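Position 1 is the first residue of the sequence; numbering continues from there. As the structure is a prediction and not an experimental result, all values here were calculated from the model.
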Amino acid sequence: MSLTSGTPAGQRKVAVAGVALSDCGRVDEATPYALHAQAARRALVDSGLDRSVIDGFASAGLGTLAPVEVAEYLGLRPTWVDSTAVGGATWEVMAAHAADAIAAGHANAVLLVYGSTARADIKAKRRTANLSFGARGPLQFEVPYGHSLIAKYAMAARRHQHQYGTTLEQLAQVAVQARANAAGNPDAMYREPITVDEVLSGPMIADPFTKLHCCIRSDGGCAVLLVAEDHVPDLAKRPVWVLGSGTAVSHTTMSEWDDFTVSPAAVSGRLAFQRAGVRPAEIDLAEIYDAFTYMTLVTLEDLGFCAKGEGGAFVEQGRLLRDGELPVNTDGGGLAACHPGMRGLFLLVEAVRQLRGEAGPDRQVRKPGGALPQLAVASGTGGWFCSSGTVVLGAG
């Protein structure tokens, strides 16, 4: 494997220097700003670098002028910024932008940071539900009919069932295996095992999704520091390299979605693998956005880990477990570990920890023979399959 296969001649390689989580799960006594700061400080400590190296900053979802307000709160004055907001895929898209900027010499060290008190806000009645996407523009043709976000995912799942024979039991396996992976993660909100029957018998949220088909609601934040290869000799830990990335958008209104069984990861994944110079079959583990079980299943198809329509069969037999054929969401994912809103940055944190061998004895992925994983992919999905960002990472 060549770590430079996706890097154009004359451009710098890009490494992940530091990653960290803030306090996560149930965090009642903190603001979103505080979680941003906590995660950022921890990521800097993890990198071994001084905050003075940071000249780029990326943030979304907080403040009137994101990322200006958050950068000010953190005491940063970046000369490169990004506030791209495309839902859950935001952080993989931002990572792609940051890597391109670093490779081209427009920035040297870019901090990506996120924090949210989504659970605590509802518990304290600061708000009563998730923020609305609004009813202007194209959404005006769907909102009056009560077409909620979860209903859109449910429609897509039903189409996959109709077209390919995917079963509710197969979708439930995604939740069961995510919970099994979470059992090895001391930071996961839910670690107790669940069964397929328990998933199927839960309260219905949006047909065919019962409660356990849906992500949890939590608080939490995280941060990732990307740097130019020049900084690598000064890092506290071995680097993880950004080998390639891809981004794509699909639709806003369901009527403009060409095929409910194909997500934009089909495009972002293909681009990321091409630019990294690797094939899906070479990937050792995958961190995939999982607001709902169907997201995991269809993204596995679209990234090329199995053929279209075969996702249901693929997720059976424990393939997604830590010691399975393709470990997926090794921390438990949004279905079990944490989901404080736009969860995409957490995918990058877990992928890096796995490639470094830092995931701990109960969830560290090992290749046959005991070697550490060498290649990982993180793929985020935004909106209702509206956007996708995919990043391929390689161990240093």
Quiz item: Are Ile283 and Leu300 connected, step by step, through hydrophobic side chains (Ile, Leu, Val, Met, Phe, Trp, Tyr) whose heavy atoms are closer than 4.5 Å?
Solution: yes

Quiz item: With no hydrogens and no angle check, is any side-chain donor or acceptor of Asp82 less than 3.5 Å from a backbone partner on Thr84?
Solution: yes

Exercise. Return the minimal non-hydrogen interatomic distance between Gly246 and Ala272, and the atom names on each side.
Key: N-CB, 3.7 Å

Self-check item: Pair Arg343 + Asp331: basic N to acidic O under 4.0 Å
Solution: yes

Exercise. Quick one: closest heavy-atom pair of Cys24 and Leu21, and the distance?
Key: SG-CB, 4.2 Å

Quiz item: Does one hydrophobic cluster hold both Leu285 and Val349, with members joined at side-chain heavy-atom distances below 4.5 Å?
Solution: no

Self-check item: Considering all heavy atoms, the nearest Val199-Ala175 contact
Solution: CG2-CB, 4.2 Å

Self-check item: With Ser268, the side chain to side chain donor-acceptor pair (under 3.5 Å) member among Thr390, Thr299, Thr247, Thr381
Solution: Thr390

Exercise. Using the six-membered ring of Phe273, assess whether NZ or CZ of Arg279 lies under 6.0 Å from its centre and within 45 degrees of the ring axis.
Key: no

Practice problem: May I ask you to check whether Phe209 and Tyr153 place their ring centers less than 6.0 Å from one another? | Solution: no

Quiz prompt | Trp80-Phe57 aromatic ring centre distance below 6.0 Å | solution = no

Quiz item: Between Leu76 and Leu44, is there a shared hydrophobic cluster once you connect ILVMFWY residues whose side-chain heavy atoms come closer than 4.5 Å?
Solution: yes

Quiz prompt | Pair Gln374-Leu355, side chain to side chain contact (heavy atoms under 4.5 Å, CB included): steps then yes or no | solution = CA-CA 6 Å; Gln374 295 297 300; Leu355 292 176; 5.6 Å; no

Quiz item: How far does OG1 of Thr293 sit from CG of Leu168, to the nearest 0.5 angstrom?
Solution: 9.0 Å

Exercise. Decide if the gap between the ring center of His160 and the ring center of Tyr294 is smaller than 6.0 angstrom.
Key: yes

Practice problem: State yes or no: are the ring centers of Tyr289 and His339 separated by less than 6.0 Å? | Solution: yes

Self-check item: Whether Arg12 side chain and Ile102 backbone form a donor-acceptor pair below 3.5 Å
Solution: yes

Self-check item: Shared hydrophobic cluster, Val365 / Trp241 (ILVMFWY, side-chain heavy atoms < 4.5 Å)
Solution: no

Quiz item: Is any side-chain N of the basic residue among Arg363 and Glu350 closer than 4.0 Å to the acidic one's carboxylate O?
Solution: yes

Practice problem: Indicate yes or no: does Arg356 engage Asp46 in a salt bridge with an N to O separation below 4.0 Å. | Solution: yes

Practice problem: Give a yes or no on whether a salt bridge exists between Arg119 and Asp28, defined as a side-chain N under 4.0 angstrom from a carboxylate O. | Solution: yes

Quiz item: Is any side-chain heavy atom of Ser388 closer than 4.5 Å to a side-chain heavy atom of Val267?
Solution: no

Quiz prompt | Short N-O contact, Lys308 and Glu301, less than 4.0 angstrom | solution = yes

Quiz prompt | Qualifying residue for ring-ring contact (aromatic ring centres under 6.0 Å, His included) with His251, from Phe385, Trp257, Phe260 | solution = Trp257

Exercise. Return yes when atom CD of Glu169 has more than 12 non-hydrogen atoms of other residues, nucleotides or ligands closer than 6.0 Å, and no otherwise.
Key: yes

Quiz item: Between the side chain of Ser22 and the main-chain N/O of Gly221, is any donor-acceptor distance below 3.5 Å?
Solution: yes

Quiz item: Thinking salt bridges, do Arg26 and Asp219 make one under a 4.0 Å N-O criterion?
Solution: no

Quiz item: Do Trp384 and Leu171 share a hydrophobic cluster, counting only Ile, Leu, Val, Met, Phe, Trp and Tyr and linking them when any side-chain heavy atoms are less than 4.5 Å apart?
Solution: yes

